[in-house]
Amino acid sequence: MASLRQHLTKKGYKRIKLNPVGTGHLKFEARINGVSGEFILDTGASNTCIGFEDLEHFKLFAEESEVKAAGAGAIDMLTQISQDNLIEIDNWSTKDVSIVLFDLSHVNQALINHEANPVSGIIGADILKKGKAVIDYQYNCLYLK
């Protein structure tokens, strides 16, 4: 019987190693518009998000957004949106991605409180859906097609 890894690799999936952090999140490196950063994987986040402070760092052009963000412990947060971005995770990539910008300080404070380094953002369900994601929690891996 083939392993999950063998099965997905044969089907053209790319394997990305994830690193567990103290909050229970899984962290990994991704590139937004060619610029590297650390991100957490969040299956409960509908959109990929980056903190306002990293707007220029990731070469984002932001517009005001009507969308109010809500997350663990925070609701009705103001957001901006940046469209037509390139996201690369290891050797997988996708174009034309919309990224939500909002105040990421509550996320990073939670990471710092658990002795983990802050992150540039969150990779959400939008990217997971685009990549037909499979998450292997046993081996801390993400597979994207």
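All heavy atoms count here, side chains included; hydrogens, waters and symmetry mates do not.
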I would like to know whether V35 and H57 meet side chain to side chain contact (heavy atoms under 4.5 Å, CB included); could you show each step before the answer?
-> CA-CA 7 Å; V35 181; H57 178 73; 3.3 Å; yes

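- Checking V97, N33, L60, I32 one by one against S82, the side chain to side chain contact (heavy atoms under 4.5 Å, CB included) holds for a single residue, L60.
- Atom NZ of K17 sits in a crowded spot, with more than 12 heavy atoms from other residues, nucleotides or ligands closer than 6.0 Å.
- Residues F28 and I40 do not share a hydrophobic cluster, clusters being chains of Ile/Leu/Val/Met/Phe/Trp/Tyr side chains in contact below 4.5 Å.
- Under the 3.5 Å distance criterion, the side-chain polar atoms of D42 are matched with a main-chain donor or acceptor of G44.
- Membership of an apolar cluster is not assigned to F61, as no side-chain contact below 4.5 Å to another ILVMFWY residue is traced.
- Summarising the geometry, atom NE2 belonging to H25 is positioned 10.0 Å from atom NE2 belonging to H114; distances are rounded to the nearest 0.5 Å.
- For residues 27-37, every residue pair satisfying the salt bridge (Lys or Arg N to Asp or Glu O under 4.0 Å) rule, not counting sequence neighbours, is listed here: R31-E88.
- Between atom CG of residue L55 and atom CG of residue L101 there is a gap of 5.5 Å, rounded to the nearest 0.5 Å.
- In this structure, S36 and F58 approach most closely via the heavy-atom pair O-CE2, 3.8 Å.
- For E63, the CD atom counts as densely surrounded, since its 6.0 Å shell holds more than 12 non-hydrogen atoms of other residues, nucleotides or ligands.
- Residues I81 and S98 share a closest heavy-atom pair of CD1-CB, 4.1 Å.
- In terms of modelled atom types and a separation under 3.5 Å, the side chain of S93 and the main chain of I87 share no donor-acceptor contact.
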Would you check, one step at a time, whether the test side chain to side chain contact (heavy atoms under 4.5 Å, CB included) holds for L18 with Y137?
-> CA-CA 9 Å; L18 304 172; Y137 286 99; over 6 Å; no

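- Annotation: ring pair (Phe, Tyr, Trp, His ring centres under 6.0 Å) contacts of Y143 (sequence neighbours excluded): none.
- Once rounded to the nearest 0.5 Å, the distance linking NZ of K95 with CG of N85 reads 13.0 Å.
- Atoms CG and CG, on N140 and L142 in that order, are 11.0 Å from each other to the nearest 0.5 Å.
- D96 contributes atom CG, which lies 6.0 Å from atom NZ of K130 (distance to the nearest 0.5 angstrom).
- With N108 contributing its side chain and V119 its backbone, the two residues share a donor-acceptor pair below 3.5 Å.
- At a threshold of 4.5 Å between side-chain heavy atoms, the hydrophobic network of Ile, Leu, Val, Met, Phe, Trp and Tyr places L144 and L8 in two separate groups.
- Formation of a donor-acceptor pair under 3.5 Å by the D136 side chain with backbone atoms of C141 is not found in this model.
- Between atom CD1 of residue I89 and atom CD1 of residue I16 there is a gap of 6.0 Å, rounded to the nearest 0.5 Å.
- In plain terms, the two heavy atoms of A110 and T23 that are nearest each other are O-CG2, 3.7 Å.
- Under the 4.5 Å side-chain heavy-atom criterion for grouping Ile, Leu, Val, Met, Phe, Trp and Tyr, I122 is not connected to I99 through any hydrophobic cluster.
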